[in-house]
Amino acid sequence: SWLRISAKTVIMDGCKHVVVVIDDITEQKRMKREHYLAEEKYRLIFENSAVAITMADDQERLISWNKSAEDLLGMEREDLYHKQVSSLYPPLEWEKIKAYDVRGKELQHQLIETTMIKKDGRIIDVDVSLSVFKNPEDETTRSIAIIRDVTERRKAEEKLKETMEIKSQFISTVSHELRTPLAAMKEGIAIVL
């Protein structure tokens, strides 16, 4: 048990007395410890995540992010603090994202394929899982984006698509080129028979 003890000297009828108050604060201490552990668990997951995580306020300014977000965008803390989220996306992509109107939806969660702008100006392909949080008055208080770089995957998909097209063209050409000699051989065999 945790106890809080306070004592105060009082004078009653010309005599000194000590009033002692003892409070049981065990429940408060337990709740404080649970809160601390939950916060530590959140911080551990947030900071050590292999994907970029950003949090924006109701004005769409970045207020929190992890190291993976800094690495993904090639930015430092000073570059990201209170940065408008819209500045991280090409203008047309930001318009598409806004068109999803995640803030107005009941689901309050959306998976979006889009592009982002790195600090050096390069454009990268990303998947963004966007969630919004609302207060009891149904006002958006913050949003969280989990961002995954899919640039290499998209390049591999394009290369695979290109390879499949070359294969199809090759098969089409080979079958067309073989048809003519096979037709002549077929006619010759038919004559011999």
Side-chain angles (χ1 to χ4, degrees), residues 31-170:
M31 288 174 57
K32 189 174 183 179
R33 176 144 176 81
E34 283 180 16
H35 177 75
Y36 171 79
L37 291 174
E39 200 168 287
E40 278 301 303
K41 188 185 293 184
Y42 154 77
R43 189 178 344 272
L44 215 93
I45 292 168
F46 186 79
E47 288 302 323
N48 295 305
S49 175
V51 294
I53 303 172
T54 62
M55 185 184 300
D57 63 12
D58 60 338
Q59 303 296 311
E60 297 176 348
R61 295 176 302 197
L62 290 176
I63 55 172
S64 184
W65 57 89
N66 63 358
K67 179 74 171 123
S68 293
E70 291 177 359
D71 294 343
L72 175 74
L73 298 169
M75 296 185 185
E76 302 292 324
R77 176 173 170 69
E78 302 77 36
D79 300 321
L80 292 170
Y81 184 70
H82 273 195
K83 186 174 189 76
Q84 283 297 130
V85 175
S86 60
S87 67
L88 299 174
Y89 299 89
L92 289 175
E93 290 300 313
W94 182 247
E95 291 303 318
K96 288 180 193 175
I97 293 168
K98 294 298 282 183
Y100 282 107
D101 191 28
V102 177
R103 290 175 177 242
K105 292 187 178 177
E106 294 270 329
L107 185 62
Q108 300 173 354
H109 175 82
Q110 187 73 39
L111 180 62
I112 302 165
E113 291 184 9
T114 187
T115 57
M116 293 183 85
I117 305 168
K118 293 181 69 115
K119 184 177 182 177
D120 63 9
R122 285 186 298 139
I123 304 291
I124 56 171
D125 293 314
V126 294
D127 282 343
V128 178
S129 178
L130 183 61
S131 299
V132 296
F133 296 89
K134 296 186 176 192
N135 63 17
E137 291 77 36
D138 203 37
E139 299 166 333
T140 300
T141 57
R142 67 187 183 281
S143 59
I144 293 181
I146 299 173
I147 308 161
R148 204 164 34 113
D149 185 352
V150 294
T151 305
E152 292 304 316
R153 186 185 81 195
R154 294 262 168 79
K155 285 179 183 175
E157 287 171 355
E158 286 298 317
K159 192 168 186 163
L160 180 62
K161 187 176 174 183
E162 199 176 286
T163 304
M164 293 305 286
E165 283 179 26
I166 292 171
K167 176 186 160 194
S168 294
Q169 288 175 355
F170 175 75

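Computed from a prediction, not measured in an experiment: that's the story for all the values here.
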Salt-bridged, E157 to K161, with N to O below 4.0 Å?
-> no

Would a 4.5 Å heavy-atom cut-off, applied to side chains only, mark R142 and D57 as touching?
-> no

Count the heavy atoms of every other residue, nucleotide or ligand shown that sit under 6.0 Å from CZ of R154, and state whether that count exceeds 12.
-> yes

About how many Å separate CG of L88 and CG of L73, when rounded to the nearest 0.5 Å?
-> 5.5 Å

Do K98 and E95 sit within salt-bridge range, that is, some charged N less than 4.0 Å from a carboxylate O?
-> no

Under 3.5 Å: donor-acceptor pair, side chain of T151, backbone of D125 | yes

One should read off an interatomic distance between E93 CD and I112 CD1, to the nearest 0.5 angstrom, of 10.0 Å

Would you mind checking if D120 and R122 are paired as a salt bridge, meaning a charged N to carboxylate O distance below 4.0 Å?
-> yes

Crowding at CG, L92 (>12 non-hydrogen neighbours, <6.0 Å) = no

Under 4.0 Å between a Lys/Arg side-chain N and an Asp/Glu carboxylate O for D149 and K118?
-> no

Between I147 and V51, which heavy-atom pair has the shortest distance, and what is it?
-> O-CB, 3.7 Å

Does the pair K155 and E158 meet the rule for a side-chain contact (heavy atoms from CB on, under 4.5 Å), with working shown?
-> CA-CA 5 Å; K155 285 179 183 175; E158 286 298 317; 5.7 Å; no

Could you check K159 against E162 for salt bridge (Lys or Arg N to Asp or Glu O under 4.0 Å), going step by step and ending with a plain yes or no?
-> CA-CA 5 Å; K159 192 168 186 163; E162 199 176 286; over 6 Å; no

Please lay out, stage by stage, how I117 and I123 fare under the test side-chain contact (heavy atoms from CB on, under 4.5 Å).
-> CA-CA 5 Å; I117 305 168; I123 304 291; 3.7 Å; yes

Exercise: identify the closest heavy-atom pair between L80 and L62 = O-CB, 3.5 Å

Is there a donor-acceptor contact under 3.5 Å from the side chain of D127 to the main chain of R148?
-> no

Measuring from F46:CZ to M55:CE, what's the distance to the nearest 0.5 Å?
-> 6.0 Å

V128 versus V126, closest heavy-atom pair with distance = CG2-CG2, 3.8 Å

Roughly how far apart are I144 CD1 and F133 CZ, rounded to 0.5 Å?
-> 4.0 Å

Distance-only, no hydrogens or angles: does the S68 side chain make a donor-acceptor pair with backbone N or O of S49 under 3.5 Å?
-> yes

Residues in ring pair (Phe, Tyr, Trp, His ring centres under 6.0 Å) with Y36, at least two apart?
-> none

Summary of side chain to side chain donor-acceptor pair (under 3.5 Å) pairs that have at least one residue in residues 76-91, sequence neighbours excluded | D79-K119

Would you say D58 and T141 make side-chain contact, with heavy atoms under 4.5 Å?
-> no

Salt bridge (charged side-chain N to carboxylate O under 4.0 Å, His left out) against R33, all qualifying residues, sequence neighbours excluded | none

Check: W94 and V85 side chains under 4.5 Å, non-hydrogen atoms = yes

Out of curiosity, L72 CG to N66 CG, how far, rounded to the nearest 0.5 Å?
-> 9.5 Å

Taking all atoms of both residues into account, what is the closest heavy-atom pair of S143 and V132, and its distance?
-> CB-CG1, 3.9 Å

